[in-house]
Engineer: 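Here it is: the structure, laid out below.
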Amino acid sequence: MRKLRVIIYGRGKLGSTLIERAQDAGVLAELRCGRSEDEAPEDAGLLVLAIPDGAVAERMRALDALYERSIPFVHVAGTLPSRHALPSG
């Protein structure tokens, strides 16, 4: 069974805390700048957007081109609905 790789976008307090806790728990996780346009790792299994609420829609449009639709993601924006979907669906 392959290990799930979590990609966390946002190097602020929340993103830094999430990566620390994930790694402490043995989760394969990577922290990226919220504006990163780096290529998506082939084994990405979950995206976490820990960025300001107002930046989520724009980041999702940029990330939509980098990741397959089958990869789930979550955001931690308190002002957006939890079912906020990537533009491609």
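Note that these values count all heavy atoms, side chains included, but never hydrogens, waters or copies made by symmetry. Residues take their numbers from the sequence shown, with the count starting at 1. Not measured: the values here are computed from a predicted model.
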Engineer: Scan the side chains in residues 44-56 for donor-acceptor partners under 3.5 Å anywhere in the protein, sequence neighbours excluded, and list what turns up.
Structural biologist:
residue, atom, partner, partner atom, Å
Asp53, OD2, Gly78, N, 3.3
Asp53, OD2, Thr79, N, 3.0
Asp53, OD2, Thr79, OG1, 2.7

Engineer: Indicate yes or no: at least one non-hydrogen side-chain atom of Leu31 is less than 4.5 angstrom from one of Tyr9.
Structural biologist: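 No, their side chains stay 4.5 Å or more apart.
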Engineer: Are any of the side-chain heavy atoms of Arg32 and Ile7 separated by less than 4.5 Å?
Structural biologist: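 The answer is yes, as the side chains (C-beta and beyond) meet within the 4.5 Å cut-off.
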Engineer: Is any side-chain heavy atom of Val76 closer than 4.5 Å to a side-chain heavy atom of Leu14?
Structural biologist: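 Val76 reaches Leu14 side chain to side chain.
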Engineer: So, for Ser16 and Arg11, which heavy atoms are closest and what is the spacing to 0.1 Å?
Structural biologist: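 For Ser16 versus Arg11, the nearest heavy atoms are OG-O, 3.2 Å.
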Engineer: From Asp43 CG over to Glu30 CD, what is the distance, rounded to the nearest 0.5 angstrom?
Structural biologist: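 Nearest 0.5 Å value for the CG-CD distance: 9.0 Å.
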Engineer: Please report the interatomic distance CG(Leu18) to CD1(Ile8), rounded to the nearest 0.5 Å.
Structural biologist: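 Going from the CG atom of Leu18 to the CD1 atom of Ile8 covers 5.0 Å.
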Engineer: Counting neighbours of CD on Glu58 that are heavy atoms of other residues, nucleotides or ligands and sit closer than 6.0 Å, is the number greater than 12?
Structural biologist: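 Incorrect, the count does not exceed 12.
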Engineer: Is there a path from Val6 to Leu28 through hydrophobic residues (I, L, V, M, F, W, Y) whose side chains come within less than 4.5 Å of each other?
Structural biologist: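 Per the 4.5 Å side-chain linkage, Val6 and Leu28 are not co-clustered.
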